[in-house]
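Throughout, protein chains are lettered first and strands after them, A, B, ... in sequence-line order, and every chain is numbered starting at 1. What's counted below: heavy atoms across the whole structure, side chains too, no hydrogens, waters or symmetry copies.
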Amino acid sequence: MAKGLPTRSENYSEWYNELVKKADLAENSAVRGCMIIKPYGYSIWEKMQRALDDMFKETGHSNAYFPLFIPKSFLSKEASHVEGFAKECAVVTHYRLKNDPDGKGVIVDPEAKLEEELIVRPTSETVIWSTYKNWVQSYRDLPILINQWANVVRWEMRTRIFLRTAEFLWQEGHTAHATQKEAEDETRQMLEIYAQFAEEWMALPVIKGAKTANERFAGAEETLCIEAMMQDGKALQAGTSHFLGQNFAKAFDVKFQDKAGNLEHVWGTSWGVSTRLMGALIMAHSDDNGLVLPPKLAPIQVVIVPIFKGDEQLDAISEKIDPLVKVLKSKKISVKFDKDDQARPGWKFAEYELKGVPVRVAVGMRDLESGTVEVARRDTLEKSVVPIEGLDAYIEQLLEDIQTNIYKKALDFRTENIFKIDTWDDFLVQIEKGGFLSAHWDGTSETEEKIKELTKATIRCIPLDTEEEAGSCVFSGKPSAQRVVFARAY
RNA sequence: CGGGGUGUAGCGUAGCCCGGUCAUCGCGUCUGCUUUGGGAGCAGAAGGUCGCAAGUUCGAAUCUUGCCACCCCGACCA
């Protein structure tokens, strides 16, 4: 166990909080609910951004930027949208400060009141659709496939670093299409991209599904999502993709003339993932020694720790290691050769474990004599002695193995913690133990809400890739055509 | 926003109930020497508006009030 880090079994949420701080990912800020993402944490986010951004571009999307401030009146144009977000909006009412006449400091200048108050975007549908109105006249203007990387603010009552902060970073895609089918296909395509990113890059298995009406995005006809299981058995929504129907087009009067000359409202989608993914990454893989990062997202993939006394020994080690570093870098493997002689090897070992560096190579004089190094992998903590000759290929393969193994471990954990539940008694017992409960549901909001009230479990999603299976609702006993996933969630 | 808890050096803490050489200890930091294959040892040193503000008092880390932040539990949510 790492120094000062609580274990997961002792206190899972404290383990998470401490790990975020000790691994140098982020810290709390002077403003309640906001976070400072530190360089090490931010570089993981940058890797996520890069991978996602490439995927968006490959599927024809372009980046753009829309403003932080939204006129208050925009928000109320789509009825369910305003209802969903009104309670958590930060509002700008003034545009100037002045010196406090009664003493030190500054006060809001009461004469500088805005005629129309601005809200800080909780999401950008409204500004974007008000703009799309100007961009769309003909079917030739469609589709519009835009993404933006931005910050948004939702004034949450209870915040947790990365998982739910008042301000967070994300990407939001906003597309406009001529037909319903095209928009639905887009919604589904982006969900697939999120799932692929989660599984291939984050090594995080996810369940693709649809949200129930209760959990749907405010203003959407349908919300698709990916749901992941954390090590405490709770669910975390890792990404959402919304089919907006014509709701925003109607609210903002976005129409186009089709080939036949008819004026029609356009069809929309929106989709997003946020810095919450950082929380998912941490909680899915890490252990009591610290972070465990999938190689594809690790800022440092390989750390080389020399074990030496004096400059001569270090020089001898460097002579062997410098060429290796060069080769690894040429293979796009990020490597750190830590020559710092202030910290001792044991300290470094623990430190890099805490930070989740996937592969550690230790080299001392003994190794130089035998032409070997000690290679330790973070995911299993196994150590092996490996010849220096061909080490680059060995490491390259090892990084792939680690990526695969971390995914498999998470998948096995999830498989072991999904339970088919057929009776209400079993439901009550299992929900206390944690995990996902696959159970029949009668399709009504009343039942869903009742279950939530009694157990704190919500329907995480109605899985997409699942076979129909006739059954009866675990709560009401009414007929049901398929199982849905219940869990307590972050 | 409601209930409970916490805030003392960079980090973790003792002291708070019962006001008065009580600002304690560990880690870290600095200096020197010895060390270096799993968070080094010895010797010496530096470092604190006791969360912030007001109040009570001859005297406040300690009592009172307000505010801020964090944690746990509710309501709400990506």
CA sep, side-chain torsions, deciding dist, call: Trp45(A), Phe162(A), ring pair (Phe, Tyr, Trp, His ring centres under 6.0 Å): CA-CA 11 Å; Trp45(A) 175 241; Phe162(A) 286 127; 8.9 Å; no
Val20(A)/Met35(A) under side chain to side chain contact (heavy atoms under 4.5 Å, CB included): CA gap, chis, key distance, verdict: CA-CA 11 Å; Val20(A) 167; Met35(A) 64 179 161; over 6 Å; no
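Note: Trp271(A) and His61(A) meet the aromatic proximity criterion, with ring centroids under 6.0 Å apart. Between Phe248(A) and Tyr132(A), a ring centre-to-centre spacing not shorter than 6.0 Å is recorded.
Residues Arg378(A) and Asp287(A) are paired through a salt bridge, judged by an N-O separation under 4.0 Å between the basic side chain and the carboxylate. Ion pairing of Lys456(A) with Glu432(A) is absent here, as no side-chain N (NZ or NE/NH1/NH2) approaches a carboxylate O to less than 4.0 Å. The pair Lys57(A)-Asp53(A) counts as a salt bridge, with a side-chain nitrogen and a carboxylate oxygen less than 4.0 angstrom apart.
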Canonical and wobble pairing (Watson-Crick, G-U, under 3.5 Å) of RNA chain B, dot-bracket with |: ((((((((.[[[..)....(....]]].((((((.....)))))).....[[[[[..)....]]]]])))))))....
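Distance CG (Asp341(A)) to P (U36(B)): 14 Å, rounded to an integer number of Å. In this structure, the CZ atom of Arg366(A) is 9 Å from the P atom of G38(B), given to the nearest Å. When rounded to the nearest whole Å, the span between CG of Asn17(A) and C1' of G5(B) equals 15 Å. Residue Asp338(A) contributes atom CG, which lies 16 Å from atom P of G38(B) at whole-angstrom precision. Taking atom CD of residue Gln342(A) and atom C1' of nucleotide U36(B), one finds them 12 Å apart after rounding to whole Å. Spacing between atom CH2 of Trp347(A) and atom P of G41(B) amounts to 15 Å, rounded to whole angstrom units. Between Glu374(A) atom CD and G38(B) atom P the separation is 8 Å, expressed in whole Å. Look at CE on Met35(A): it is 13 Å from P on C70(B), rounded to the nearest Å.
Rounded to whole Å, the separation between the P atoms of G51(B) and U34(B) comes to 43 Å. Of the C1' atoms belonging to C33(B) and C72(B), the separation is 49 Å, rounded to the nearest Å. C17(B) and C22(B) have their P atoms separated by 15 Å, with the value rounded to a whole Å. Taking the C1' atom of each, G19(B) and C76(B) are spaced 44 Å apart, rounded to whole Å. For G15(B) and C63(B), the P atoms lie 13 Å apart once the distance is rounded to whole Å. Nucleotides G47(B) and U31(B) have their C1' atoms positioned 15 Å apart, rounded to a whole Å. One C1' atom belongs to U49(B), the other to G7(B), and the distance between them is 15 Å to the nearest Å. Nucleotides A40(B) and C50(B) place their P atoms 34 Å apart, quoted to the nearest Å.
Each of Glu227(A), Glu448(A), Glu222(A) was checked for a salt bridge (Lys or Arg N to Asp or Glu O under 4.0 Å) with Lys211(A), and the lone residue meeting it is Glu227(A).
A donor and an acceptor atom, one from each side chain of Thr458(A) and Arg460(A), are located under 3.5 Å apart. A donor-acceptor contact under 3.5 angstrom links the side chains of Ser124(A) and Gln148(A), judged on distance only.
Nucleic acid contact class of Gly33(A) (heavy atoms, under 4.0 Å, all strands): sugar-phosphate only. Among the protein residues, Ser13(A) comes within range of the sugar-phosphate backbone only, with heavy atoms under 4.0 Å from sugar or phosphate atoms but none that close to a base. Among the protein residues, Leu163(A) comes within range of the nucleic acid bases, having at least one heavy atom under 4.0 Å from a base atom. Residue contacts for Ser274(A): at a heavy-atom cut-off of 4.0 Å it reaches a base atom on one of the strands shown. In this structure, Lys383(A) reaches the bases: a heavy-atom distance under 4.0 Å links it to at least one base atom across the strands shown. Heavy atoms of Glu351(A) sit under 4.0 angstrom from at least one base atom. Within 4.0 Å (heavy atoms only), Thr275(A) reaches no atom of the nucleic acid at all. Residue Arg160(A) is out of contact with every strand shown, counting any heavy-atom pair closer than 4.0 Å. In this structure, Asp367(A) reaches the bases: a heavy-atom distance under 4.0 Å links it to at least one base atom across the strands shown.
Here A75(B) is the nucleotide among G39(B), A75(B), G37(B) with the atom lying nearest to any side-chain atom of Arg158(A). Side chain of Pro345(A), nearest nucleotide from G38(B), U36(B), C73(B): U36(B). Comparing G37(B), G39(B), C76(B) by their closest approach to the side chain of Ala362(A) singles out G37(B). Relative to the side chain of Arg344(A), the nucleotides A40(B), C76(B), G37(B) differ in distance, and A40(B) lies closest.
Both tests hold for Lys355(A) against Tyr40(A): distance to the six-membered ring centre under 6.0 Å, angle to the ring axis within 45°.
A residue-by-residue look at Thr159(A) and Phe168(A) shows that Thr159(A) has its nearest nucleotide of RNA chain B further toward the 5' end. Across the interface with RNA chain B, nearest-nucleotide mapping of Leu381(A) and Arg154(A) shows Leu381(A) to be the residue nearer the 5′ end.
A distance of 11.5 Å separates NZ in Lys208(A) from SG in Cys225(A), rounded to the nearest 0.5 Å.
Listed by residue number, the members of residues 301-319 of chain A with any heavy atom below 4.0 angstrom from RNA chain B are Ile307(A), Phe308(A), Lys309(A).
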